[in-house]
Amino acid sequence: EKVLGYDAQSTPEGSILSMIYPEDLPNVKAEIEKLEQGEQRNFETRIINKDNNVFWLQVYAYGEINPATGKLRAIYGAAQSIDQRKADQRALEVSEGRLRAIIDSNVMSVILMREEDGIVMMANQKAMTTMGYTADEFIGQPMIQKSVSLKDRRYIQSLMRNSDHMQDIEIQARRKDGQLLWMVVTMSRTIMDGDSMMLSSFFEITARKQTEAALREQQTRYETLVNSVDGVVWIADAITLEVEFMSRQIEALTGYSRERFMREPGLWLSLIHPDDREHAAQTRIEAVQQSKGGFQQEYRMISADGRTIWVRDIVSLTQTDNHWIMNGLSINNTEAKEALMAEDEQRRLADGLRSTTALISRTLNLDEVLDRILEQLQVVIPSDSADIMLIEGRAGRLVRSRGYDGNKTMGFDIDDFLFPIFDMPTFQTMMSSGKPLILDDISSSPDWVEFGRTSWIQSTLGAPIRLEGNTFGLIDRK
């Protein structure tokens, strides 16, 4: 009576089947046919109660057959409402779907595999794309045996033997096309349905490894260069800076002729970058004052065509007739320095991705994941403010934000505010294309729409969050 709206004496008009939700009716009829054969049945269906509300029921029933006639005597059954369970299940599916979309929208790969045999039970698209396989080729296969060398597999096993977690382990894996990739792997052991599972997240660092190899090669070239005296060789007075000798490689380094350096003793110092000039001069003066046998230093110079170049000096000091003479070798170190700075930038990006990957490997808490994504976005792409909004109808609701304080506000409380994003060309572009959008200068962009107090905003970067081809959220940075 509580669920259906009918008491024991009243019945709905017509057959009991008139209460069954139309889409479920064929399945219920099929279940009744099996009950008429004397079977026991357990099934779910939706019903429409007296007040025209739809509820989910779990039905347990069996059919009693008359032994004398072999025909159905009666159907006995019981039903319980599972409406709350279905609602919880739908909410969980939505939450898991959004979490999966956030995982797929980041530069990371996730694999769930059975520990016993390495069979892949689940993998996101990023993992399959990285390894070069389709879902049919990847899911259900022992991919760790196929892709990871025996040496690295044994290394992983040794780490997981006495622990349920390992983090930031570098291994190599082979793609389907045979290409060997470097990976940073984080792995955790978990129990699912009684089976021991390994949840692994990883990202590729092949480019970083190539950069490191390039740096080692550059260092070798640098040493060979010094040993062969292939650089700017010069001799000058340590006090007056008058040049006694300078090799012709100086023109390739700075764009100025050797003769000019010979004529203008202060030219070299004047070409040093203003931020480095005082330190470079002080290093030389201190070496003389302390009677050092020599010194090394690195600084920036401005070439004739305006380029900034990194120069490394290797200098020996000798004293002759009360004069300190510098015998120097100056090497163009720009390529090595830029490679090192590129590596530092890549390492910074990798550290941000690694932190996010480690978090997602350990939690299914959507709020915690959203907070960590905003934190790591600030590390990877510094900005004044950042937010994440989820689409509700024709509007976008801000669910996470950072940096909207002081002079950088919208002029109203943005928490849970519904933005009319379908009236904003920038958001329309991202939702229709499914791709990020950058506005370097919003003042010159015809697509920028003023909304609230936005005079402090100069540029913006946005990216859609997508699931199965549909955009359900947006990440925005200003």
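The analysis underlying the following values was restricted to heavy atoms, covering all of them including side chains, and did not include hydrogens, waters or symmetry mates. Worth saying up front: this structure is predicted, and the values here are computed from it rather than measured.
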Checklist entry - Closest heavy-atom contact between Trp324 and Lys292? => result CZ3-O, 4.3 Å
Checklist entry - Which is it for Asp276 and Met301 under the side chain to side chain contact (heavy atoms under 4.5 Å, CB included) test, yes or no, and what are the steps along the way? => result CA-CA 9 Å; Asp276 300 341; Met301 292 187 76; over 6 Å; no
Checklist entry - Taking the six-membered ring for Trp, are Tyr256 and Phe261 parallel (under 30°), tilted (30 to 60°) or perpendicular (over 60°)? => result perpendicular
Item to check | Where Arg300 and Asp275 come nearest, the two heavy atoms and their spacing | outcome: NH2-CB, 3.6 Å
Checklist entry - Any donor-acceptor pair under 3.5 Å linking the side chain of Gln145 with the backbone of Asp117? => result yes
Next on the checklist: Using a 3.5 Å distance criterion without hydrogens, assess whether the side chain of Ser444 forms a donor-acceptor pair with backbone atoms of Asp441.
Outcome noted: yes
Next on the checklist: Is it the case that over 12 heavy atoms from other parts of the model lie below 6.0 angstrom from the OH atom of Tyr155?
Outcome noted: no
Next on the checklist: Check whether Arg277 reaches the backbone of Leu269 with its side chain - one donor and one acceptor, N or O, closer than 3.5 Å.
Outcome noted: yes
Item to check | Heavy atoms from other residues, nucleotides or ligands near CD of Gln290 exceed 12 (cutoff 6.0 Å) | outcome: yes
Next on the checklist: Tell me the closest heavy-atom pair linking Leu215 and Ala336, and the distance in Å.
Outcome noted: CD2-O, 3.9 Å
Checklist outcome for this item: What one should report as the nearest heavy-atom pair of Ser247 and Val232 is OG-CA, 3.4 Å
Next on the checklist: Side chains of Thr134 and Asp136: any donor to acceptor distance under 3.5 Å?
Outcome noted: no
Next on the checklist: Does either side chain, that of Thr334 or that of Asn332, offer a donor lying less than 3.5 Å from an acceptor on the other one?
Outcome noted: yes
Item to check | Separation of Thr426 OG1 from Asp476 CG (nearest 0.5 Å) | outcome: 7.5 Å
Checklist entry - Thinking salt bridges, do Glu137 and Lys146 make one under a 4.0 Å N-O criterion? => result no
Checklist entry - Would Asp440 and Ser459 count as having a side-chain donor-acceptor pair, cut-off 3.5 Å? => result no
Checklist entry - Going by atom types alone, do Gln282 and Glu286 pair a side-chain donor with an acceptor below 3.5 Å? => result yes
Item to check | Exam field: side chain Ser163 to backbone Met160, donor-acceptor pair closer than 3.5 Å | outcome: no
Next on the checklist: Keeping Arg114 on the side-chain end and Met121 on the backbone end, is there a donor-acceptor pair under 3.5 Å?
Outcome noted: no
Item to check | Stepwise side chain to side chain contact (heavy atoms under 4.5 Å, CB included) check, Glu242 with His323 | outcome: CA-CA 12 Å; Glu242 291 184 6; His323 288 279; over 6 Å; no
Checklist entry - Considering residues, nucleotides and ligands other than Arg154, do more than 12 of their heavy atoms fall under 6.0 Å from its CZ? => result no
Checklist entry - Does Arg258 reach the main-chain N or O of Phe245 with its side chain, forming a donor-acceptor pair under 3.5 Å? => result no
Checklist entry - Within the distance-only criterion (no hydrogens, no angle test), does the side chain of Asp447 pair as donor or acceptor with the backbone N or O of Pro425 below 3.5 angstrom? => result no
Item to check | Stepwise side chain to side chain contact (heavy atoms under 4.5 Å, CB included) test for Val243 and Met262 | outcome: CA-CA 5 Å; Val243 177; Met262 301 287 284; 3.4 Å; yes
Item to check | Side-chain H-bond candidate by donor/acceptor type, Arg466 with Thr471, under 3.5 Å | outcome: yes
Next on the checklist: Using the rule given for side chain to side chain contact (heavy atoms under 4.5 Å, CB included), can you reason through Ile388 versus Ile465, listing the C-alpha separation, both sets of side-chain angles and the distance that settles it, and then say yes or no?
Outcome noted: CA-CA 9 Å; Ile388 298 177; Ile465 305 175; 4.1 Å; yes
